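Working notes for the structure below.
Note that this is a predicted model, so its numbers are computed, not measured. Within every chain, numbering begins at 1; the chains are lettered A, B, ... in the order of the sequence lines, protein sequences first and strands thereafter. Values below: all heavy atoms of this structure, side chains included; hydrogens, waters and symmetry mates excluded.
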Amino acid sequence: MQHTRRSVIKAGGAAALLAAFGGVLLKPGRALAAWNKSAFEAKSAVDAMRALGMANAEESKAIEIRAPEIAENGAVVPIDITSSIPGTTSISVFIEKNPFPYTGTFDFSQGSLPYVHVRVKIGESSPVRVVATAGGKHYTAVKEVKVTIGGCGG
Amino acid sequence: MRLASAAILAAGAALLASCATPQRDYRPDALSMMKRDFHARGTAKMDRLDEDTVQAACNKYHDDPPQGVADKLQQEQLAGVKWPADGKLLGDWRSGEKIAQDGRGMAWNDKGGVGGSCYNCHQIGPRESSFGTVGPSLYQFAKKRGYGTDIQRYAYGKIYNAKAYSLCTQMPRFGHVGALTEQQMKDLAALLMDPASPVNE
Amino acid sequence: MADPMKIRVTLQGDVADVRVLMAHPMETGQRKDAAGKLVPMHFIQTITAQLNGKTVFSAEISQAVARNPVFAFKVKGAKAGDKLSITWQDNAGDKRTDEVVIRAAS
Amino acid sequence: MRHALVLGIVAAAAAAAPWLQAAAQAPDPTAAEFDKFREILEQDNPAELFEVKGEELWHARRGPKNESLERCDLGLGPGVVKGAYAQMPRYFADVDRVMDAEARIVHCMITLQGFTYAELAKQPFSSLTRTPDPVSIVTFVAAQSRGMKIAAPQNHPKERDAYETGKSIFFYRAGAYDFACASCHGVDDKRIRTQPLPNFTKPEQAIRAVQGWPGYRMTGGVMHSLQWRLNDCYRQQRFPEPGYVSETLSALLTYVTVNANGHVYRGPGIKR
């Protein structure tokens, strides 16, 4: 099956353009990231952090979490995370009130910057906890996101 | 014969062209188009496209009927209000709050339960921040207007048939169309009128 | 077969701002279908991004990532002509890779 | 007696009026927060996935006639997609009626590819497991008018008729709850629960009937077109169901789109 991909030019700025190849299924060049089952199945953020060896994370102001104070729709909550802790190699996200709080870890290697944008589901108003890992140590920050339902289905 | 009708048509066209300003009424076209294009679904049958006398007057006069027309129809609507047989106008405000929150009822996919959809359009209780503004705020309804029987009757009657009080209001006629039961309307009236209801804090 | 991703990259100096859209239901396993039956979990578990064959960004994620996921990340040291590929793999074993070539600003 | 009571109520309402106004006009920090993050969500909109899919479908040979849609005339000549969406609904001589974009796409799928109306109209709206082809195709077509000014034509007499008929439909009150489209969308600054209701009778607000559609809906994560939006409005209006891509809906869309003429269309959007 042939897929047509289109490149998108972002207007303005020093935009570079990427052309897309036809969609191909490639064999990954190296093993994909592991998936930490016990952390993902943990029912509390604390348990998940323990499973990931992050239980001792210390509070840090060098982690910036940009998320809505009140999310318009809990099904799609945009979160931007930036760590300014030198040597940050990964960022992990926990939505404390979700049934399974551990939402994921993003690994930065070979020069990718300690920044990620992700959109998550939040079932009810909840603290969103972030852990940044740098030099084998763990740092954490938290941001409260309110979720309202509201509306009559329009 | 054919020629003659062509001539009449031409004359008609000329007449139309000469009086360009007064627009023709598109309502008959609109209605026949809708009757052709819609179909019944669930409880929403095709007769819902037919205007009743109130709807017809509001449609005809763009929601601003002459006083005489409005008065007459409002009186008719008011005469149709079925007041509770036991004479009690107020029920339980707690269940009224639940009914006010419930937006179900009369849509083609609705099965069973019918609510009042009240918060869709009105501010009511102080602890619900998700409320609409199509209708006026009802917060402190009785505290502002008084708790007397007249106001109770107005509250119940307005819920039963809002058109009895203001012919072309956007508020549905919950009792008149059989959407809400007598008990539900009593409970809603209590939500507005009961001194213990949070509405009257 | 899985639908294609949509990958967009903006080059600012030597930093590539990568934004990717993936077509995936991200089923949580808690949703019921019309017949009232639970829809089984079906979600992307891992993501790998490679610049010229070298992994620069990877992730392990849960079903709490929103349906039709969107991610953005930044890769330093990228230049026009570089190849960026992104692969996801889900819990059903499906996977998909899409690749783009960075072009110089026009 | 009744008059006295009504007067009393009016007086009570008037006394409360300043407070009522305050409630209705209080600045809404929540709305500001929604707008801020709406922009972020729009930057990378999953609607683009459907745009890509719609483009594939446009070019693919499909249906009993094994044809593509490349000869479909969206009003600017066979195969011209660029700018076509911003200039619909419009009159099409071959069917002697006004059609909106999705109506025209469905027409092309029937005439060029050999699909039947019955099969396309059977389940015309997106669900969690299925996005109907016309929805993806209309998303692609709409995206080809991104950044262009809305310019629904009013040249042909039938285009002017469609506007006036659509206007009458818009104001027509009926059904179990006495609602018309105008009940919610005919006045300024109202909302249902927390959802603001644009007044489509005014040009500066009518654009909100067009902007963001087709839209990726966060709830459920599905793609919806204006055909769905109108269908769901009629459900909430407690009317019977309007036919998919029917002339009634094209007329209604003519009314609101012409009211929005001159505003820039930003392409497929994202909805709550």
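Going from atom CG of B:L31 over to atom OG1 of D:T165 covers 11.5 Å, rounded to the nearest 0.5 Å. Interatomic distance, B:Q101 CD to D:R193 CZ, rounded to the nearest 0.5 Å: 4.5 Å. Here the CZ atom belonging to B:R48 is positioned 8.5 Å from the OH atom belonging to D:Y177, to the nearest 0.5 angstrom. Note that the CG atom of B:D25 and the OG atom of D:S168 stand 6.5 Å from one another [nearest 0.5 Å].
Both the backbone and the side chain of D:N231 come within contact range of chain B, each with at least one heavy atom under 4.5 Å from a heavy atom of that chain. Both the backbone and the side chain of B:V134 come within contact range of chain D, with heavy atoms under 4.5 Å apart. No part of B:S166 comes within reach of chain D, as not one of its non-hydrogen atoms sits under 4.5 angstrom from that chain. Of the atoms belonging to D:L197, it is side-chain heavy atoms, and not backbone ones, that fall under 4.5 Å from chain B. Heavy atoms of B:T43 lying under 4.5 Å from chain D are absent altogether. In this structure, chain B has heavy atoms under 4.5 Å from both the backbone and the side chain of D:F239.
Top candidate by heavy-atom pairs under 4.5 Å with chain D, chosen from B:D47, B:N59, B:D52, is B:N59. Between chain B and the residues D:E247, D:E241, D:K190, the largest count of heavy-atom pairs under 4.5 Å involves D:E241.
The side-chain tip of D:R191 points at the ring of B:F131 from less than 6.0 angstrom away and within 45° of straight on.
Salt bridge status for D:R235 with B:D110: absent, with no side-chain N to carboxylate O gap under 4.0 Å.
B:D50 and D:A174 get closest at one heavy-atom pair: O-CB, 4.5 Å. Of all heavy-atom pairs between B:C121 and D:I192, the closest is SG-CD1, 3.9 Å.
In this structure, the side chains of D:R173 and B:D63 come closer than 4.5 Å at one or more pairs of heavy atoms. Residues B:R24 and D:D161 have side chains in contact (heavy-atom distance under 4.5 Å, counting atoms from C-beta outward). Residues B:D37 and D:P242 fail the side-chain proximity criterion, which asks for heavy atoms closer than 4.5 Å. Considering only heavy atoms from C-beta on, D:P240 comes within 4.5 Å of B:L49 through its side chain. You'll find the side chain of B:V54 stays beyond 4.5 Å of the side chain of D:D178, heavy atoms only. Residues D:Y234 and B:M34 meet the side-chain proximity criterion, which asks for heavy atoms closer than 4.5 Å. Looking at heavy atoms from C-beta onward, B:E51 lies in side-chain contact with D:Y172 at the 4.5 angstrom threshold. Looking at B:F38 and D:S246, their side chains never come closer than 4.5 Å, going by heavy atoms from C-beta outward.
Sparse packing is recorded around NZ of B:K88, with 12 or fewer heavy atoms of other residues, nucleotides or ligands lying under 6.0 Å away.
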